[in-house]
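Everything below concerns the one structure shown next.
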Amino acid sequence: MSLRTGACRVYRGRFAPSPTGLLHAGSLVAALASWLDARAHGGQWLVRIEDHDQGRCVSGAGQAILGQLQALGLQADEAPSWQSQRQALYTDALQRLVESGWAYGCDCTRKSIADALAAQALEKPRHGELVYPGTCRQRHLLPSQARAWRLRSSADLSGTQDLTLSWQDRRLGAQQQNVTQAVGDFVLRRADGLWAYQLCVVVDDAEQGITDVVRGEDLADNTPRQIRLQQLLGLPGLRYLHTPLVMGPNGEKLSKQNGARALELEDPLMALQRAGALLGLPRLPGTTTADWLAAAVTAWTELQLRRPGGAPL
Ligand code: GLU
């Protein structure tokens with residue numbers, strides 16, 4: 001049994017870790033789910049090391065993650081790609097958004113943004129970030145004056161209508177976000193010259209022919225920004241499945257930031273079994289990772305077909 005229908009684009013999935021540390025129990029769940037989903041669809045699975053923000057990357061972590069995936073038996077179908085080598089693609093995409101009027105230059109500092117929000121009594125931190133008050137939206141700064149580049153979050157270029165996007169997540173169901181209110185005009189290129197995750201991920205997924213994004217639920221609320229960029233750049237839409245998060249002992253999402261321990265791979269089979277249990281897979285036979293993974297593809301297929309609306313591509 002397979003989730004393949006043959007009617008649509010060939011399934012291409014990816015796992016896109018940021019090399020800010022080694023894989024841990026939480027990131028393995030996303031890696032395993034994206035691998036299983038690709039295999040269950042008879043599709044391809046790629047690994048992209050998201051090292052566009054060199055300041056946050058840990059030296060050697062990208063290679064170490066590739067070693068961990070290999071030890072787990074999560075084999076990719078192509079050589080891994082590295083975002084740090086793809087800068088020209090991001091420059092080109094930004095250029096197109098500037099030319100169409102959707103991206104604009106901004107010379108605000110964190111302090112000037114906070115002051116402008118305070119003046120409007122609009123102190124609204126969102127995940128610790130401030131929703132941009134729109135100071136530079138109509139200033140038409142020249143590239144030489146811009147520190148950062150932002151995307152207009154409104155539905156229209158004149159900024160009179162809010163943009164509300166709806167999408168279907170394969171696990172979370174129907175989702176909706178008013179991007180204008182919830183996020184505001186978001187950064188595409190930062191004042192320090194670094195590319196923003198939103199732009200890189202959209203450009204890379206399209207350039208690599210990705211059809212399906214399977215990743216952790218903590219990234220779900222980035223999806224509408226990415227859909228918006230796809231629309232404005234004329235790129236194909238993707239299917240999304242956001243996987244459950246692993247919680248740490250403090251009740252927070254397990255992450256490198258809150259000290260998640262790197263996966264110890266003396267027993268890769270047990271690491272896979274634990275990640276599989278979190279994904280809702282039953283206990284599966286298999287004394288090797290290869291046997292377990294083969295059984296897991298079948299179990300994953302059954303799990304997806306049982307979901308409401310769990311039809312294949
Ligand atoms: N690099 C991102 C992370 O490790 C994931 C990007 C994605 O899957 O869209 O959190």
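The basis for the numbers below is simple: all heavy atoms, side chains too, and nothing from hydrogens, waters or symmetry mates. Numbers here are sequence positions counted from 1. Just follow the structure's listing: the first ligand is 1, and inside any ligand the first atom is 1.
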Original post:
Heavy atoms only: which of G216, S34, S18 is nearest to atom 3 (C) of ligand 1?
Top reply: S18
What atoms of ligand 1 come within less than 4.0 Å of a heavy atom belonging to [X]?
X    : answer
V201 : 9 (O)
R215 : 7 (C), 8 (O), 9 (O)
Y197 : 6 (C), 7 (C), 9 (O)

Original post:
Does E207 pair with R48 as a salt bridge, N-O distance under 4.0 Å?
Top reply: no
**OP:** Run the salt-bridge test on R86 and D92 with the 4.0 Å N-O cut-off and return the result as yes or no.
**Re:** no
Original post:
With sequence neighbours excluded, what pairs up with D185 under the salt bridge (Lys or Arg N to Asp or Glu O under 4.0 Å) test?
Top reply: R137
**OP:** Output all residues satisfying salt bridge (Lys or Arg N to Asp or Glu O under 4.0 Å) with D291, sequence neighbours left out; order by chain, then residue number.
**Re:** none
**OP:** Look at ligand 1 and say whether Q226 reaches it with a heavy atom at a distance under 4.0 Å.
**Re:** no
Original post:
Does R239 use its side chain to pair, donor to acceptor, with the backbone of R170 at less than 3.5 Å?
Top reply: no
**OP:** Heavy-atom distances under 4.0 Å are what count here, so tell me which part of N222 touches ligand 1: side chain, backbone, both or neither.
**Re:** neither
Original post:
Considering distance alone, does some N or O of P17 sit under 3.5 Å from an N or O of ligand 1?
Top reply: no
